[in-house]
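Please read the structure below before turning to the comments.
Residue numbers start at 1 and run along the sequence shown. Just so you know, these numbers come straight off a predicted model, no measurement behind them.
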Amino acid sequence: MSNTPYSPSRSRHSKRSQSRQPSKKSSDAAAGYIQGPLKWAIALTASLGAILEVIDTSIVNVALTDMQATLGATVTEIGWVVTGYAIANVVLIPLSAWLGDFFGKKTYFVFSMIGFTAASVLCGLSINLPMLVAARILQGLCGGGLLAKAQAILFETFPPAEQGVAQSVFGVGVIAGPAIGPTLGGYLTDTLGWRWIFFINLPVGILAVIMAIVFLRPDAKQHARTPAKVDWAGIMLLCIAVGSLQAFLEEGEKEDWFESGFITTLAIAGSIGLILFVWRELSAKAPAVDLRVLRHKSLAAGSLYSGILGMGLYGALFAVPLFAQGVLGFSATQTGWLLAPGALASAIMMVLLGKISTKVDARILIGLGAVGTTAVMFDLAKITPQTGTDDLFWPLIWRGATTVLMFLPLSLAALGSIPKKDISAGSGFYNLTRQLGGSIGIAILTTLLDQRESFHRAILLSKLTPYDLETSQRLTALSGLFQSRGSDAATAQQQAIASLSQLVNNQAAILSYADIFRFVGIVFLCSLPLLLFLGKGGAGARTTAVH
């Protein structure tokens, strides 16, 4: 017990001192954060734009065959509907911070939303392939301004203590979008036709534009920038570097990589362009992309990990539909419904995690997510010819949940503690690495899938010889089956050989998919040392975010 006597005057003085302490709300308001219900309206507005952009990245994949038939395009030509969008998207993402500063954050976001909606209508009205590709490029250019800008708006609107919940609203669309896209795309294509995968954006886009005009904060009055301050050289080099890299990743497998002069040229142009771009942006006084934000260790490490997360997030979602449709024989709609429960699990987990993510060290959550995703990938690697929907249900549910354990805390760890003035540039770079990571992951997995399938087929065929008793018995049984269905002996023998060959192909495909699932799991295990370079995220950002 203290020996200090009680003093009424001391007590009154203490109360007056406490009353002069700024409240949390007034402190947040002084730091420029929004108060009251308006901040949640802003969160919904920004997230709605991001959801549209992410869904449209994958919604067309299940409709390419129908587009090809309608527009009379080849497989290679129709692929540019996806490639054109992806290239335009990754070029604009790192420029979103500069464009937001140049035109004003609200003005640029509203313009991007209007452009994205209008481009969607043009896609649906396209009468030939060039018109569709051009409209998709325009859609990608406008969409690139929505994703990174939406996340930056949330970081600038909510105080650090509420970032977990705010980013969970944003994350629901980004995580669930790649799974929702094929589900929605398959349903619309099978019922209304492929054009409706674009027309569906019109009512949602109009709503998002109205909400952005009403709820987003007016742009602060700034002195107009002169054209001399526009970093045209940096923008041009960015287009060459990132555009060539994305095209290289998108088209490499189709063109057999460096066997193609076109792909080799893209690789050279991308490498040289990237070196010159980095040199230009680090030496320019007013760079189009502020690479100096990478001086923040948490952002640099978080962006690198974001690329790995993109590989796992988009790569695994790329492999599962291919397995379902190529091996299990699922339709586009059936494949979409297969992925839907995992998307729902991601959304639920995102909401639950948003409430605690600012109170727990992000590195612990990311580590748990990486280990959990690794376990799921190794579980998926147990697939067999008898694997069906029931066998994939729980692994895909857990994949959706464990991915969120990495996505949300990683965003907070990478961006939550950097100064407010660097949020836009940091968000652009962070989202770019995730997008490129997804493209790199898909390119690697596609190549690996092809190589491992050839490898396993060769191994299996080496065991099938006319002198092998089991092979001979299988051929005899199959031949007898086809003869019982009306085929003559010679035809039945050919049908038996073809059937056995198909069984070998299916088994080789199953083994190769198992290999790439294991590969993704190993990548996540190897990424764990990067956690040492990350910040604490929400648990530590509250004390540094406003500095």
OG1 of T389 to CG of L392, rounded to nearest 0.5 Å, is 7.0 Å
Pairwise side-chain contact, M349 with I397, heavy-atom cut-off 4.5 Å (strictly under) = no
V293 side chain reached by I418 side chain, heavy atoms, under 4.5 Å = no
Here the pair of heavy atoms bringing W98 nearest to P287 is CD1-O, 4.1 Å
Test log, rule side-chain contact (heavy atoms from CB on, under 4.5 Å), inputs C123 and L132 = CA-CA 5 Å; C123 288; L132 178 58; 3.9 Å; yes
Set of side chain to side chain donor-acceptor pair (under 3.5 Å) partners for T446, sequence neighbours left out | none
For D66, what residues pass the salt bridge (Lys or Arg N to Asp or Glu O under 4.0 Å) criterion, not counting sequence neighbours?
-> none
Provide the full list of salt bridge (charged side-chain N to carboxylate O under 4.0 Å, His left out) pairs with a residue in residues 270-281, sequence neighbours left out, each pair given once.
-> D231-R280
Drop me the distance from I59's CD1 to Y85's OH, to the nearest 0.5 angstrom.
-> 10.5 Å
Look only at the side chain of K106 and the backbone of R217, and say whether a donor-acceptor pair between them is shorter than 3.5 Å.
-> no
Indicate yes or no for a side-chain donor-acceptor contact from S346 to the backbone of G400 under 3.5 Å, with no hydrogens or angles considered.
-> yes
Of the non-hydrogen atoms in T189 and A63, which two are nearest, and what is the gap between them?
-> OG1-CB, 3.4 Å
Using atom types as modelled and distance alone, determine if a side-chain donor or acceptor of S96 lies under 3.5 Å from a backbone N or O of G428.
-> no
Look up atom CE in M406 and atom OG in S527, then write down how far apart they are to the nearest 0.5 Å.
-> 7.5 Å
Heavy atoms, side chains only, cut-off 4.5 Å: are I137 and L141 in contact?
-> yes
What residues form a ring pair (Phe, Tyr, Trp, His ring centres under 6.0 Å) with F199, not counting sequence neighbours?
-> W196
Checking S47 side chain against L44 main chain: does a donor-acceptor pair fall under 3.5 Å?
-> no
Expected list for residues 240-248: side-chain donor-acceptor pairs under 3.5 angstrom, two or more places apart:
{"from": "S244", "atom 1": "OG", "to": "I240", "atom 2": "O", "distance (Å)": "2.6"}
{"from": "Q246", "atom 1": "OE1", "to": "S439", "atom 2": "OG", "distance (Å)": "3.2"}
{"from": "Q246", "atom 1": "NE2", "to": "E250", "atom 2": "OE2", "distance (Å)": "2.9"}
{"from": "Q246", "atom 1": "NE2", "to": "S439", "atom 2": "OG", "distance (Å)": "2.7"}

Counting N and O atoms only, with roles assigned by atom type, does the side chain of T264 sit under 3.5 Å from a partner on the main chain of S260, one being a donor and the other an acceptor?
-> yes
L48 meets the side-chain contact (heavy atoms from CB on, under 4.5 Å) criterion, sequence neighbours left out, with V204, L207, A208, M211
Would you indicate whether the side-chain heavy atoms of L353 and L405 approach each other to under 4.5 Å?
-> yes
Under the ring pair (Phe, Tyr, Trp, His ring centres under 6.0 Å) test, which residues partner F429, sequence neighbours left out?
-> none
For W80, which residues count as a ring pair (Phe, Tyr, Trp, His ring centres under 6.0 Å) partner, sequence neighbours excluded?
-> none
Hey, could you give me the OG1/CZ distance between T265 and F262, rounded to the nearest 0.5 Å?
-> 8.0 Å
Can you find a heavy atom in the side chain of L449 that is under 4.5 Å from one in the side chain of L445?
-> no
Tell me, please, which residues at least two apart from S271 pass side-chain contact (heavy atoms from CB on, under 4.5 Å).
-> none
Would you find a donor on one side and an acceptor on the other, under 3.5 Å apart, between the side chain of T157 and the backbone of L154?
-> no
If every non-hydrogen atom of G49 is compared with every non-hydrogen atom of L146, which pair is closest and at what distance?
-> O-CD1, 3.7 Å
Let me see the working for V133 and T83 under side-chain contact (heavy atoms from CB on, under 4.5 Å), right down to the final yes or no.
-> CA-CA 9 Å; V133 172; T83 303; over 6 Å; no
Contacts of T70 meeting side chain to side chain donor-acceptor pair (under 3.5 Å) (sequence neighbours excluded), chain-then-number -> W194
With I440 via side-chain contact (heavy atoms from CB on, under 4.5 Å) - residues at least two apart | L249, I444
Work out which heavy atom in I42 is nearest to a heavy atom in F215; give both atom names and the distance.
-> CG1-O, 3.5 Å
I'd like a table of donor-acceptor pairs (distance under 3.5 Å, sequence neighbours excluded) in which one partner is a side-chain atom from residues 109-118, with atom names and distances.
{"from": "S112", "atom 1": "OG", "to": "Y108", "atom 2": "O", "distance (Å)": "2.9"}
{"from": "T117", "atom 1": "OG1", "to": "M113", "atom 2": "O", "distance (Å)": "2.9"}

Within the distance-only criterion (no hydrogens, no angle test), does the side chain of K149 pair as donor or acceptor with the backbone N or O of K105 below 3.5 angstrom?
-> no
With no hydrogens and no angle check, is any side-chain donor or acceptor of S427 less than 3.5 Å from a backbone partner on S424?
-> no
Please check if the side chain of S126 supplies one atom and the backbone of N128 the other of a donor-acceptor pair under 3.5 Å.
-> no
List the steps, then state whether ring pair (Phe, Tyr, Trp, His ring centres under 6.0 Å) holds for F393 with W398.
-> CA-CA 9 Å; F393 180 80; W398 287 114; over 10 Å; no
Looking at side-chain heavy atoms only, is the closest gap between R452 and Y513 below 4.5 Å?
-> no
All heavy atoms of G143 vs all of E53, minimum pair found to be O-CG, 3.1 Å
Given side chains that start at C-beta, do those of F198 and Q139 come closer than 4.5 Å, heavy atoms only?
-> yes
Could you state the interatomic distance from CE (M131) to CG (L71), rounded to the nearest 0.5 Å?
-> 10.5 Å
side-chain contact (heavy atoms from CB on, under 4.5 Å) assessment of W232 paired with M236 | CA-CA 6 Å; W232 293 114; M236 181 185 69; over 6 Å; no
Closest approach of L92 to G144 (non-hydrogen atoms, all atoms of both residues) = CB-CA, 4.0 Å
Validation row: D56, R136 side chains within 4.5 angstrom (heavy atoms) | yes
side-chain contact (heavy atoms from CB on, under 4.5 Å) assessment of T45 paired with I153 = CA-CA 10 Å; T45 302; I153 287 172; over 6 Å; no
